[in-house]
Amino acid sequence: MAKGGYRGPMGGGMNMNMLKQAQKMQQDMLKMQEEMETKEYEATSGGGMVKAVVNGKHEIIRMEIDREAVDPEDVEMLQDMIVAAVNEAMRAADADASANMSKLTGGINLGGLF
């Protein structure tokens with residue numbers, strides 16, 4: 001082995017600046033994750049008759065259902081509207097998380113590393 005030990009395939013190993021950048025990115029990601037968990041995302045369905053509000057942890061915070069949406073003869077339609085509103089709110093949370101991650105990483109896809 002050469003004097004100084006193995007330095008990896010790049011020759012010089014990771015320099016301190018790269019290490020600091022990686023640590024800053026990790027701190028920024030943790031901060032962003034904490035912020036995302038407290039944000040609320042809202043979506044409606046059925047022309048606004050059903051509204052779902054979720055947080056960044058994919059937990060339903062609130063559900064509002066207009067009285068006109070409650071038809072005992074058509075429970076399936078109300079169920080469909082609830083599912084649609086919740087799914088759309090979840091998609092909004094995911095899209096926001098992806099956009100923020102992309103800003104943080106400069107568009108580099110980290111492939112689920114974090």
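These numbers were taken from a predicted model, which means no experiment stands behind them. This chain uses plain numbering: 1 for the first residue, then up along the sequence.
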**Report entry** From CA spacing to verdict: side-chain contact (heavy atoms from CB on, under 4.5 Å), M77, D71
**Finding:** CA-CA 9 Å; M77 184 169 79; D71 179 357; 5.9 Å; no

Nearest non-hydrogen partners of [X] and [Y], listed with the distance:
{"X": "N55", "Y": "E37", "value": "CB-O, 3.5 Å"}
{"X": "M81", "Y": "G46", "value": "SD-CA, 3.4 Å"}
{"X": "A69", "Y": "I65", "value": "CB-CG2, 4.0 Å"}
{"X": "A84", "Y": "S45", "value": "CB-CB, 4.0 Å"}
{"X": "A93", "Y": "M36", "value": "O-CE, 3.9 Å"}

Query raised in the report: Charged N to carboxylate O under 4.0 angstrom, E88 versus R91?
Result: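 Yes.
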
Query raised in the report: Is a salt bridge present between E42 and R62, judged by a nitrogen-to-oxygen distance below 4.0 Å?
Result: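 No, this pair does not count.
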
Requested in this report: Flag yes if V53 and Y41 sit in one hydrophobic cluster, no otherwise; membership is Ile, Leu, Val, Met, Phe, Trp, Tyr, and two members link when side-chain heavy atoms are under 4.5 Å apart.
Outcome: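 No; tracing contacts between hydrophobic side chains, which count when under 4.5 Å, never links both residues.
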
Query raised in the report: Do I60 and I82 belong together in a cluster built from hydrophobic side chains that touch within less than 4.5 Å?
Result: yes

Query raised in the report: M63 and V86: side-chain contact (heavy atoms from CB on, under 4.5 Å), yes or no, with the steps?
Result: CA-CA 9 Å; M63 177 72 59; V86 170; 3.5 Å; yes

Query raised in the report: Is it true that a side-chain atom of N100 and a backbone atom of D96 form a donor plus acceptor pair closer than 3.5 Å?
Result: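 Yes, N100 side chain to D96 backbone: donor-acceptor pair under 3.5 Å.
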
Query - Main-chain N/O of S98 paired to S102 side chain as donor or acceptor, under 3.5 Å - result: no

Can you tell me how far the [atom1] atom of [X] sits from the [atom2] atom of [Y], to the nearest 0.5 Å?
{"X": "Q23", "Y": "M18", "atom1": "CD", "atom2": "CE", "value": "12.5 Å"}
{"X": "D28", "Y": "M101", "atom1": "CG", "atom2": "CE", "value": "10.5 Å"}
{"X": "K20", "Y": "K24", "atom1": "NZ", "atom2": "NZ", "value": "13.0 Å"}

Query raised in the report: Is the number of heavy atoms from other residues, nucleotides or ligands under 6.0 Å of E59 CD greater than 12?
Result: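 Atom CD in E59 is crowded, with more than 12 foreign heavy atoms closer than 6.0 Å.
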
**Report entry** Stepwise side-chain contact (heavy atoms from CB on, under 4.5 Å) test for E68 and M49
**Finding:** CA-CA 7 Å; E68 293 178 27; M49 294 201 314; 4.2 Å; yes

Report task. Please assess V50 against D66 for the test side-chain contact (heavy atoms from CB on, under 4.5 Å), listing each intermediate value before the final yes or no. Result -> CA-CA 6 Å; V50 174; D66 189 302; over 6 Å; no

